[in-house]
Each structure stands twice: as structure tokens, then as C-alpha cells.
Amino acid sequence: MRVAVSVGVSTPPVATMRSSCTRRIMAVSYRFVSMHMAAAPLSRTLSTESVAARLTSAGLLRTKGLIGPNWIDARDGKTMPVHNPSTGEVIADVPFMGSKDTEDAISSAYDAFPAWSKLTATERSQLLRKWYDLLMANKEEIGQLITLEQGKPLKEAIGEVNYGASFIEYFAEEAKRVYGDIIPPTLNDRRILVLKQPVGVIAAITPWNFPLAMITRKVGPALACGCTAVIKPSELTPFTALAAVELALQAGIPPGVLNVVMGDAPAIGDALMASTRVRKITFTGSTAVGKKLMAGAAGTVKKVSLELGGNAPCIIFDDADLDVAVKGTLGSKFRNSGQTCVCANRILVQDGIYDKFAAAFSKAVQNLQVGDGFSEGATQGPLINDAAIQKVESFVQDAVSKGADVLLGGKRHSLGRTFYEPTVLGNISSDMIVSREEVFGPVAPLMRFKTEEEAISIANDTNAGSISSIPFGSRLDKELHLH
Ligand code: ADP
């Protein structure tokens, strides 16, 4: 898995940012531990309709695309429904946009670029700071939107607003620090200066699992250094993106600096890739789509930042503090019902502590409360859609057919729809799909190992990369490959 922050300047320090970004994500994942441990009775407290009505009256349920100053329908009038994954109810319809709408959005961003990039860094910084303040002032509402369209528990959704807004705050500050370099020349009559300039229009394509944070992490740095953007949020979760840009307009960020299209993802992607006006693509999502975008970007030689799939190992050594290891693994694995790119997807446990850990971890997982994200005490929401739950089911079936033990869960939850029981599997081996591919669901596979060398070899033996490895116990003195 690759992690990259979209900076949108001509010489971004990619390697440094990649590792610092990873650390930041891991640090955040631990903050959710205490939430996941909460236990309270299930009860639906809010309906899709009542939440939608409240958000509409707050002016934050935007249901059209944004091009320049205008909230617009698709040119051909097509729409698509957006569902609450918890109930299956339609929240509202949004435009199903295609290539022509995307070209309009690119033109809008292109036209806005000269004025935006000519503002001083301090002026852009002040506008970003206002946007951050508005996101924080509307934290509850944006959190409700996230729960409504993505399903994660409200507390966790509000946590995402803090996290997502923090990127805008951070890059509002960094806007003033885009320093250049002076490089020693090889000839005496030369001076070599590196000035960092905004590249122009960037395209940001984002997934559904962090409907706010994936957008702010991309457009925060881009806007800070003077780029303008076309955002394409996931069709499954467009409302948070639309609310966020509504607040950006309210903050005084000029129309055209941020534009939002959604609908026919391949058509939108093709239009973005084909345009010579789009200078950079930043994407978080599946490896398959990432590869397509990378190939598409080659035609116009765009800069590319990709954050793709992973299969992160979590390694527990015999001398680990059991309580810390259980809590840490729980928070890392089950945040967002296992639907994050840095979830601990393979839990490697050393022989001497394996049985104790398996028992204590299963007990802790059993306490997780599955339910609608608006219900009191729920810590595990639904999976995003049918395809997601079918994938989880097929991974578990494959593991069981090859000899895995179901220590807990292992089936759909009695709540139905896309709710899946928090699951712990034991006796996992490397021929099982779950140890090779990213499950993206609430399934914790335990793998036994004897030596540190074996743990490193297992950790790196996966198709999907291994990032954010979390060791508990003895320090690893050898590096895991960060693909
Ligand atoms: P996931 O499986 O996590 O949904 P995807 O890669 O399918 O990951 O989706 C991530 C984002 O990529 C979403 O916004 C989706 O609409 C978009 N997307 C999917 N297919 C394409 C494509 N061919 N071109 C551009 N964007 C795409």
C-alpha cells in the first residue's frame, strides 16, 4: 500500500511525507480504542428522514454538483440515489454526471487558478483557517452526514470531522512555509535556486470510507500552495463532500477553486485523465482503479499520488503487555468496522502468548456493540454495501474451508442487511485469501509464529503490501518492507 499526501507543488518531498502520513494515521487509530470498548444497549434513536430534514434546514444537505458558484444538475438531467447503508433507505438523489460535466468543472477550476495562485500565501492561509473553523463549528452536522451515508457510529464520525478538519488547519499553517532551496552550483558563475510553484488544476478522487478526511487531506495542501481542484467523491458518499465545499464557499474561498462532480466514475475519470489542463491526480481507493488512473495519467504526463490497498500486519510478541496488545489491536482492527486502509488485517501472534491473546482478544471483540450508527452505544456500524459483505463472507468461507477456526462470529449479524458479526479467526495460514488480500471488514485473522524472522517473513508475504505494521512486545530490529 502506498500513502502519499497530495501537495500539488512541483517538487514535493514524497518519501518524507509518506512516512509521516502513515504515522499520523496510526496515531489516530489508537484514539478510537476507548470508543470501541464502550458497551451499551442498542436502540435506534434517529431516522434517515429526521436526520436528513435537520441537515437540510442547516443548509448542509446539498444534493447537486458544484461548478464555479453554481449548484447544478447533470447536463442530461440524470440522477442517482444515495442510500443509508444501515437501513437501505434513499437519503436523496444526486446528479449522475459524466464527461461533459467534468469538462465544465475542469474549465471552472482552470479559470479560477490565476487569481487563486496569485494570492499571497498568507491570504490563502487565512481563508483555509476560516474553512477549518466552519468545519469545526458544524462538527455535529457533518458527523451526522457521515453516519447517514457511510454508516460509522456517530462518535467515530465526529472523530473523523476533527481528523478531517485538522488537515485544513495544518495546511493553512504550512501554506506560509513552502520554502525553496539554494543548491550549490558546479560552476562558479551560476546560482541554482528552486522555487516551488503550484502545478495548476488537480483532480482528487476519493473513496467512501472517510468521506471528509480523504478530501481535506488532498485539497488542503493543494489549495494551500495555490492549486485549484476538481473533486470526485465516491458515489456512495457524496453528501459530506458537498457539505464541506458549501462551508468552503461560506469561508470565502472563491467559487471555482473547488468543484465537485459525481456520477459515472469511469467517464469522469477518463475526462480528468484526458485533460491537458489537469496537472495532477490524487487518488485513494482500490489498486485496480489506481492502476487505470496511473496509466491514464501517462497520456498527458500528470503528476500522480496514489493511496491504494494494503494488508497490514500487527505483530504480538511473547513479552507483550497483553492488555495493551488487546486494546491496541482492537482499535486498529475494528475502527470503521474494519473498513480503513490501515486496519490491522493480519494479526501475527507468537507461540508463547497465542492462546492467552486469542482468548482475551475474542472476549474483547465480543463486547463490541453492532448497530445503526445513530444508536446509543453502537461501536460497529454496517458494511458499506452488498458487495462488501459478500467479499467478507467469501474470505471467511475460504479460510474455514482451508482449516481456519472460527473463534468468534463468522457470519452475518442478526440485524441483517450489511451488518456482519465482529469475527476472530484462528489458525490462519498463508494460502488463505485473507492472508493475501485486504478483507476490508470486521474480521481479525490470527496467525501463529515462532521467531522474529518468521514474523517478518509472514508480514511481507502478501499480495497487497504491508504498511503500518504495529509491533507489541520486543522491538523489531529488522525492517518490514513498506511497498
Ligand atoms: P473502493 O473499492 O474502495 O470503493 P474504488 O477504487 O472502486 O475503491 O473507488 C474509489 C474511488 O474511485 C471512488 O470515488 C470511485 O467512484 C472512483 N472510481 C471507480 N472507478 C473509477 C474509474 N474507472 N475512474 C475514476 N475513478 C473511479
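Counting from 1, the numbers follow the sequence of the chain as shown. Computed over heavy atoms, backbone and side chain alike; hydrogens, waters and symmetry mates excluded. For ligands, and for the atoms within them, numbers begin at 1 and follow the listed sequence.
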Can a salt bridge be assigned to the pair [X] and [Y] using a cut-off of 4.0 Å between side-chain N and carboxylate O?
X	Y	answer
Arg75	Asp104	yes
Arg436	Asp461	yes
Lys391	Glu438	no
Glu421	Arg412	no
Arg335	Glu156	no

Option nearest atom 16 (O) of ligand 1 (shortest heavy-atom distance, choices Glu235, Gln339, Lys391):
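Comparing heavy atoms across Glu235, Gln339, Lys391, the nearest one to atom 16 (O) of ligand 1 lies in Glu235.
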Mark up the atoms of ligand 1 that fall under 4.0 Å of a heavy atom belonging to Ile205, in ascending order.
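Taking each heavy atom of Ile205 in turn, ligand 1 has 11 (C), 12 (O), 14 (O), 17 (C), 25 (C), 26 (N) under 4.0 Å.
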If we number the atoms of ligand 1 from 1 as shown, the ones under 4.0 Å from a heavy atom of Gly269 are 24 (N), 25 (C)
For [atom], the protein heavy atom that lies nearest, with its residue and separation:
atom	value
atom 20 (N) of ligand 1	Val289 CG2, 3.5 Å
atom 12 (O) of ligand 1	Phe283 CE1, 3.3 Å
atom 24 (N) of ligand 1	Ala265 O, 3.5 Å
atom 11 (C) of ligand 1	Thr206 O, 3.6 Å
atom 15 (C) of ligand 1	Lys232 NZ, 3.8 Å
atom 23 (N) of ligand 1	Pro266 CA, 3.5 Å
atom 1 (P) of ligand 1	Trp208 NE1, 3.8 Å

Lys218 NZ/CZ over Phe283 ring centroid, <6.0 Å and within 45° of normal
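No, cation not above the ring by the 6.0 Å, 45° rule.
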Tell me whether Arg277 forms a cation-pi arrangement with Tyr110, defined as NZ or CZ under 6.0 Å from the six-membered ring centre and within 45 degrees of its axis.
yes
Does Phe167 have its ring centroid less than 6.0 Å away from the ring centroid of Trp131?
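Not under 6.0 Å, so no.
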Considering non-hydrogen atoms only, spot the tightest contact between Pro254 and Trp116 and give its length.
CD-CZ3, 3.5 Å
Would you check the N or O atoms of Ser286, main chain and side chain alike, for any that come under 3.5 Å of an N or O of ligand 1?
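Yes; the residue has a nitrogen or oxygen that sits under 3.5 Å from a nitrogen or oxygen of the ligand.
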Is there any N or O on Lys292 that sits under 3.5 Å from an N or O of ligand 1?
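For ligand 1, there is no N or O atom that lies under 3.5 Å from one belonging to Lys292.
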Contact between Pro233 and ligand 1, counting heavy atoms under 4.0 Å?
yes
Report yes or no: does Phe440 have a heavy atom closer than 4.0 Å to ligand 1?
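Checking ligand 1 against Phe440, which is what was asked, there is no heavy-atom contact under 4.0 Å.
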Residue pairs involving residues 219-243 (criterion salt bridge (charged side-chain N to carboxylate O under 4.0 Å, His left out); sequence neighbours excluded)
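Only Lys232-Glu235 qualify under salt bridge (charged side-chain N to carboxylate O under 4.0 Å, His left out).
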Does the protein put any heavy atom within less than 4.0 Å of atom 4 (O) of ligand 1?
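Protein heavy atom within 4.0 Å of atom 4 (O) of ligand 1: present.
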